[in-house]
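Computed from heavy atoms alone, side chains included, the values below leave out hydrogens, waters and symmetry copies. The chains referred to below are lettered A, B, ... by the order of the sequence lines, with proteins before strands, and numbering in each begins at 1.
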Amino acid sequence: MWDSLQILAAAPIFNVQLWLNGLSVGAVFALVAYGLALVWGVTGVKNLAQGDLVMLGGYLGLEAARHGVHPIVAIVPVAALMFLLGWALYVLMIRRVIQLDLFTSLLATFGLAITLQQALNLAFGPDVRTLKSGFGRLELFDGTIDITWIRVIAFGLCIVVAGAMVLFLRKSRLGQAIRATAQDPRAARVLGVDTDLVYALTFAINAAVCGAAGVIVGMIWVLQPFYGIAYSVRAFVIVTAAGLGNLPAVILAALGLGVAEQYSGFVLGAQFQQATVVGLLLVILVWRQALLRRQRLALQ
Amino acid sequence: MTPALIEVRNVRKAFGGVVANRDVSLDVERGRITGLIGPNGSGKTTLFSSIVGQHPIDSGSIRFEGREISRLDVQRIARLGLLRTFQQTRIFSKMDCVQNLLVSLPHRETAWSHMFRRYPPEVIEKAERLLEFVGLYAKRRLVAGSLSFGQQKLLEFAMALMNEPKVLLLDEPTAGINPTLVNALIERLKRSNREFGITLFVIEHNMRVIMNLASRIYCMSRGELLASGSPAEIRDDRRVIDAYLGAQ
Amino acid sequence: MSRRSALLHLALAAAGIAAPFVFPAHTVQFAVFWVFVLFALTWDIMGGHMGYNSLGNILFFGLGMYICALVQIGLVYDIAEYTAANGAVHIDFTDAQYFHGLALGVAAAALGPVLVAAALSWIVFGLRGPYFAIGTLGVAIAAAELTNAWDYVGGGQGIAMPVFPGGPGMRERFFYAACMAAAVACYLFLRWLYGTRFRLAINAIRDDEDKAEALGLHTGRYKMVAWSISAFFLGIAGALFGNMTGFIEPLETAYPTLTFGIFMVAMTLLGGKGMLWGPVVGAAVFYTLRELTWTYLLGWQYIALGVLIIVNVVYFQQGILGWLRARRPQWFA
């Protein structure tokens with residue numbers, strides 16, 4: 001651990017490397033977390049299968065690549081397919097979960113997570129897979145820093161996807177209906193908003209965003225049937241820290257988490273990476289709780 | 001003169017930028033029925049919540065039997081014998097009426113072993129007597145969630161009596177109750193005060209009820225104390241009339 | 001206890017005692033069944049009766065397992081040396097040493113998790129609803145990851161447990177008896193506990209915690225005790241399970257958050273939460289389904305499990321006994 005810290009002190013340029021890697025991963029986290037926050041805020045459902053939707057998207061991208069479609073192009077059909085799947089999931093289970101208590105949604109989506117993981121495992125096997133994007137490496141500072149081009153592109157793609165989602169929510173009528181429902185579903189219903197449609201749409205959009213994120217993950221990182229839970233946990237960490245409906249805070253928390261993970265992986269060792277994320281979650285929960293306790297309230 | 005049971009002094013409580021209570025001072029005399037009136041949004045329920053410790057107050061002091069309680073939490077204050085009922089009635093909806101009363105037994109014992117005792121027959125008898133007192137004896141084995149709103153209100157009142165408080169803060173006890181039953185309820189409130197010796201502090205919108213019930217009345221408006229006095233004094237107070245007319 | 005109920009209890013106890021003699025080849029599976037009963041019964045204390053849905057109770061199972069192993073080994077050998085050798089060191093325990101170590105280990109495995117539960121309750125009980133579920137899940141995952149990275153206790157390599165002395169079949173029968181005894185003890189304890197004030201108090205916390213506080217209930221105390229009771233029996237279950245398996249490691253055996261940790265919840269919901277017999281029935285049905293899918297649907301078993309959970313919580317919330325109670329209330333009078 002001290003060795004790694006000394007390296008960072010002696011060669012500050014390594015910090016840049018960690019930051020670049022962290023930001024590119026963090027951008028993906030931001031997409032996944034924003035989708036989680038959207039569904040959570042609008043429907044009240046806490047989707048523990050978030051990361052597994054990401055993995056599913058990645059594997060669909062893999063399937064597209066097998067048919068000669070370039071991954072970046074594949075993002076569009078994968079997102080469309082995931083949109084339909086999200087809609088189907090809403091009709092089959094999420095719709096019923098919304099009316100039940102909050103823990104039910106957590107558990108039901110957990111069941112969904114297990115089902116998706118195992119289905120992917122059966123279909124594609126447990127091996128780690130990647131999506132070949134075919135871009136080269138980008139060398140900076142005379143080769144002391146090198147980053148794959150695809151990471152830079154992926155960062156841009158995340159901005160495009162997030163931007164499209166924000167524009168849709170702000171400008172379109174459906175987007176306004178979604179935001180109205182998030183604030184007060186009863187009032188929205190009274191004003192003629194079909195909240196059932198809004199819920200379905202929200203869940204479907206989230207699935208589409210997760211699918212897009214999955215293809216990006218496949219290009220800059222790896223796919224594995226059981227890695228989904230890691231993304232779910234990260235999304236929860238980010239949303240718990242940033243709160244619902246606060247997009248800048250979600251992005252900041254996501255990028256921060258990406259960078260923090262790179263540092264912990266480098267300084268403490270890769271085996272502590274997962275523990276760091278979970279540890280952060282606990283610290284945030286304790287901290288938010290302590291703030292509320294001063295007002296004699298509980299975090300709920 | 002003995003000090004009042006509850007002494008509220010210069011209490012201030014704000015939520016964000018909205019000041020719900022500003023410099024409120026009042027006394028609740030032991031053994032009496034004290035009323036608190038005021039238009040909607042004048043800060044009555046906030047004051048109740050402050051007294052029972054639901055939220056910390058920004059400044060001021062709240063004393064109960066001469067002891068400062070504004071820094072204690074809800075459970076501690078309840079164990080001192082200071083209890084409230086809620087405007088939106090709160091009962092344990094999945095338990096039956098008797099169980100609701102049993103769980104409301106005073107929790108003043110500090111021994112941990114107390115948690116694992118059974119309920120002695122005389123306690124169950126007492127629960128049934130109290131249910132009879134509020135007129136719910138026939139429904140004693142029904143799940144509380146299946147009762148009507150008015151009945152739930154009576155159940156909550158019985159739960160409060162079971163807790164043997166020294167003072168009971170009632171938040172609109174007659175709201176939502178069938179008008180034909182209001183007189184019976186007033187009678188029960190008075191009896192609980194007279195026979196069980198419970199001091200009452202009552203928020204009430206129904207003027208007829210509060211004039212009939214309380215020996216001293218405070219009137220709040222826009223977070224501040226506007227007037228206080230006997231029912232007759234309050235009835236004739238120009239400021240009180242203005243506050244109500246102005247607000248409506 | 002009514003005559004019929006007494007007969008039922010006796011019949012079940014007899015079946016439990018007879019099982020390993022009638023089907024000796026399945027003794028270990030039957031023992032696992034009793035561990036499942038413990039899982040469901042302990043989860044229901046908080047999840048069913050108190051309304052606090054923990055996804056991290058498996059923490060105590062793993063803690064018990066590791067504490068017991070360390071006590072058993074540490075009594076006669078240097079732990080760091082033993083774990084560093086990766087199973088190459090074989091300790092010959094005398095019978096007395098083995099059973100002393102096991103008894104002490106199980107005792108420590110029961111008490112250690114209780115202390116941890118009491119300490120953690122200061123942190124997690126400020127969380128409610130979904131935050132509590134996520135927070136407890138986080139604690140369990142953190143424990144798994146930290147154990148995995150901690151070389152002193154063997155890290156990801158795990159620990160080979162001391163070998164049970166005695167002839168073939170003895171080991172299985174011994175741990176079967178121990179698991180059954182623990183499950184029955186837990187059942188009897190809860191049967192008594194749910195007859196005291198404790199039950200109404202934790203039910204009140206489930207229905208409306210703020211109101212319970214407003215009545216002066218020592219809510220913090222009840223929550224802490226409820227969790228500690230879960231921890232106590234889960235610690236014992238972990239200690240026995242570890243010894244029965246013979247080899248323990250953090251992610252799959254000790255802290256299987258995504259399998260055993262979720263089974264607890266699934267079994268309780270399946271049987272009907274908040275009723276003494278709900279978890280037992282749930283464990284029995286779930287266990288049977290699990291054995292069937294593992295035998296006939298191998299490869300698909302976890303998909304079946306996921307679908308079972310979804311169908312259970314989305315379409316069949318009340319559970320088997322809850323459904324029966326709605327249909328035949330006279331059976332539950």
Proximal component of C/Leu193, with respect to chain B [non-hydrogen, under 4.5 Å]: side chain
Given a strict heavy-atom distance threshold of 4.5 Å, which part of C/Arg199 is in contact with chain B: side chain, backbone, both, or neither? neither
Is chain C contacted by the side chain of B/Val103, its backbone, both, or neither, given a heavy-atom distance below 4.5 Å? both
Apply side-chain contact (heavy atoms from CB on, under 4.5 Å) to C/Asp207 and B/Met95, showing your working. CA-CA 8 Å; C/Asp207 281 6; B/Met95 310 206 268; 3.7 Å; yes
Look at atom [atom1] of [X] and say whether more than 12 heavy atoms of other residues, nucleotides or ligands are closer to it than 6.0 Å.
X: B/Arg188; atom1: CZ; answer: yes
X: C/Trp192; atom1: CH2; answer: yes
X: B/Arg32; atom1: CZ; answer: no
X: B/Lys13; atom1: NZ; answer: yes

Look at C/Ala212, C/Gly220, C/Ala204, C/Ala201 and state which one has the largest set of heavy-atom pairs under 4.5 Å with chain B.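 Of C/Ala212, C/Gly220, C/Ala204, C/Ala201, C/Ala204 has the most heavy-atom pairs under 4.5 Å with chain B.
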Let's test your reading of the structure: which of C/Val225, C/Thr196, C/Asn203, C/Asp210 forms the most heavy-atom pairs below 4.5 Å with chain B?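 Of the candidates given, the most pairs with chain B belong to C/Thr196.
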Donor-acceptor contact below 3.5 Å, side chain C/Asp208 vs main chain B/Phe92: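 Such a contact is absent between C/Asp208 side chain and B/Phe92 backbone.
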Given 3.5 Å as the limit, does a donor-acceptor pair link the side chain of B/His107 with the main chain of C/Leu215, or not? no
Taking heavy atoms only and a threshold strictly under 4.5 Å, list by residue number the residues of residues 114-124 of chain B that touch chain C; give 'none' if the list is empty. B/His114, B/Met115, B/Phe116, B/Arg117, B/Arg118, B/Tyr119, B/Pro120
With rounding to the nearest 0.5 angstrom, report the NZ to CZ distance, C/Lys211 to B/Phe86.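 Interatomic distance, C/Lys211 NZ to B/Phe86 CZ, rounded to 0.5 Å: 6.0 Å.
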State, to 0.1 Å, how close C/Ala214 and B/Ala78 come at their nearest heavy-atom pair, and which atoms those are.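 Here C/Ala214 and B/Ala78 meet closest at O-CB, 3.3 Å.
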Which pairs of donor and acceptor atoms, one on a side chain in residues 63-76 of chain B, lie under 3.5 Å apart (sequence neighbours left out)?
| unit_1 | atom_1 | unit_2 | atom_2 | d |
| --- | --- | --- | --- | --- |
| B/Arg63 | NH1 | B/Gly66 | O | 2.5 |
| B/Glu65 | OE1 | B/Lys166 | NZ | 3.2 |
| B/Glu68 | OE1 | B/Ser61 | OG | 3.1 |
| B/Glu68 | OE2 | B/Ile62 | N | 3.1 |
| B/Glu68 | OE2 | B/Ser70 | OG | 2.6 |
| B/Asp73 | OD1 | B/Arg76 | N | 3.3 |
| B/Gln75 | OE1 | B/Arg79 | NH2 | 3.2 |
| B/Gln75 | NE2 | C/Glu213 | OE2 | 3.4 |
| B/Gln75 | NE2 | C/Thr219 | OG1 | 3.1 |

Based on non-hydrogen pairs under 4.5 Å, which of B/Gln54, B/Lys94, B/Glu156 is most in contact with chain C?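 Max contact count across the listed options: B/Lys94.
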